[in-house]
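Single-structure report; data block below.
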Protein chains: 2
Amino acid sequence: MLKISTRCRYGLLAMVELGQCYGQAPVSAQEIYKKQRVPKFYLQQLLVKLRRNGLVESIRGTRGGFVLKKDPKTIKILDIVKAVEGPVQLISCTKQSRDKCCSKIKECLTRPVWVELHEVVNRVLSERTLHDLMR
Amino acid sequence: MLKISTRCRYGLLAMVELGQCYGQAPVSAQEIYKKQRVPKFYLQQLLVKLRRNGLVESIRGTRGGFVLKKDPKTIKILDIVKAVEGPVQLISCTKQSRDKCCSKIKECLTRPVWVELHEVVNRVLSERTLHDLMR
DNA sequence: TAATACTTGACAAGAATAGTCATATATAGT
DNA sequence: ACTATATATGACTATTCTTGTCAAGTATTA
Ligand code: FES
Ligand code: FES
């Protein structure tokens, strides 16, 4: 069904929230999950992943929280998705990884559609930035 | 990760195989799984779904098998995907079904990306036909 | 030092995916 | 009529993924 996971959705919600406060004081996880109504501990996990991937910075202690590490204009949606759930790979026989998925990749007649889909999804996600989503 | 399921991949492989023999004698499930190396019983399941969705016709008994019910030029890839695994719905807040996915759909800032992704995927899958994949 | 906030790593329920199988039914060819 | 071939149906299962939860620890500020 190709459903967008909650990881992605929550991750992007959090990033948008941080984007709104870019340049201002850090935003705590609590503020985010109260505002966006996402599960507390789950969100914490996602924020850690975003930090480990260099998208946000964390500040501990009272008045701490998270801040974007870069300008929203330079953060692709794809970066966020990759951070919370790894590469967007619709098939395993892309240019990057040439694993076989069908029995014989050379003559695979179905491959072109999946490749096109793979590319179009990655293109959309890397053309849009976090800034595009903010008002 | 948005990975294409085996259901989709096998389903399309089967349809391409049937497409190659369009207008000729029926192709048995056995011929398909031997040629494409897909799990026998799993494929059977998918073929039944394709039949129930009016994409193929089944002929029972000796020399039986499956045949396409329509011209490959009139079969969209989306039809095949829908047949084997239901509608391609990346988010639940589309025009078709207005379920809420984020807390407050009206002000959802993240929605535009997911909607765009949803639309672009559906567009690609409905622009390409089975015929486009055959040589 | 008390309160706030992030960190780490483990755990777990439930759903989806991927695949198997037994039994029944239908048809062609002999 | 009999047999071999083929699909139909529905149940069943193992594994993986998703979607969380939680406890114990660390860091910082007021
Ligand atoms: S070889 Fe990758 S889709 Fe067929
Ligand atoms: S309301 Fe559907 S993505 Fe936010």
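The sequence lines fix the lettering, A, B, ..., with proteins before strands; numbering per chain opens at 1. Excluded from the calculations below are hydrogen atoms, water molecules and symmetry mates; all remaining heavy atoms, backbone and side chain alike, are included.
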Handout entry: Distance, nearest 0.5 Å, that separates CG of A/Leu90 from SG of B/Cys8
Key =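 Atom-to-atom, A/Leu90:CG and B/Cys8:SG are 10.0 Å apart.
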For the side chain of [X], starting at C-beta, report the closest nucleotide among [options].
| X | options | result |
| --- | --- | --- |
| A/Phe66 | C/dC6, C/dA18, D/dG20 | C/dC6 |
| B/Arg60 | C/dT27, C/dC6, C/dG9 | C/dT27 |
| B/Tyr42 | C/dT20, D/dT21, C/dA5 | C/dT20 |

Check whether any side-chain N or O of [X] sits under 4.0 Å from OP1 or OP2 of [N], and answer yes or no.
| X | N | result |
| --- | --- | --- |
| B/Gln30 | D/dT5 | no |
| B/Gln44 | D/dA8 | no |
| B/Arg51 | D/dA6 | no |
| B/Ser28 | D/dT5 | no |
| A/Tyr10 | D/dT19 | no |

Problem - Earlier contact from the 5' end, DNA chain C, for A/Thr62 and A/Ser58 - result: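 Here A/Thr62 is the residue nearer the 5' end.
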Using a cut-off of 4.0 Å on non-hydrogen atoms, how would the nucleic acid contact of [X] be classed: base, sugar-phosphate, or nothing?
| X | answer |
| --- | --- |
| B/Ile59 | sugar-phosphate |
| B/Arg7 | sugar-phosphate |
| B/Arg52 | sugar-phosphate |

Is [Y] paired with [X] through a side-chain N to carboxylate O contact shorter than 4.0 Å?
| X | Y | result |
| --- | --- | --- |
| B/Glu17 | B/Lys35 | yes |
| A/Glu57 | A/Arg51 | no |
| B/Glu85 | B/Arg7 | yes |

Practice task
Tell me which of B/Val48 and B/Met1 sits closer to the 5' end of DNA chain D, going by the nucleotide each one is nearest to.
Solution key: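 Its nearest nucleotide being more 5', the pick is B/Val48.
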Exercise for the section: For DNA chain C, find the residues of residues 11-19 of chain B with a heavy-atom distance under 4.0 Å and give them by number; none if there aren't any. Expected result: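 Output list: empty, so none.
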Practice task
Assess whether one donor atom and one acceptor atom, taken from the side chain of A/Arg63 and the base of D/dT29, lie less than 3.5 Å apart.
Solution key: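 Answer no: no donor N or O sits under 3.5 Å from an acceptor.
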Exercise for the section: Examine the base of C/dT20 for any acceptor or donor lying under 3.5 Å from a partner atom in the side chain of B/Gln45, and report the outcome as yes or no. Expected result: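 Result: at least one qualifying N/O pair found.
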Exercise for the section: Decide yes or no for B/Ser28 and B/Phe66: does some side-chain heavy atom of the first lie under 4.5 Å from some side-chain heavy atom of the second? Expected result: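 Side-chain contact under 4.5 Å: no.
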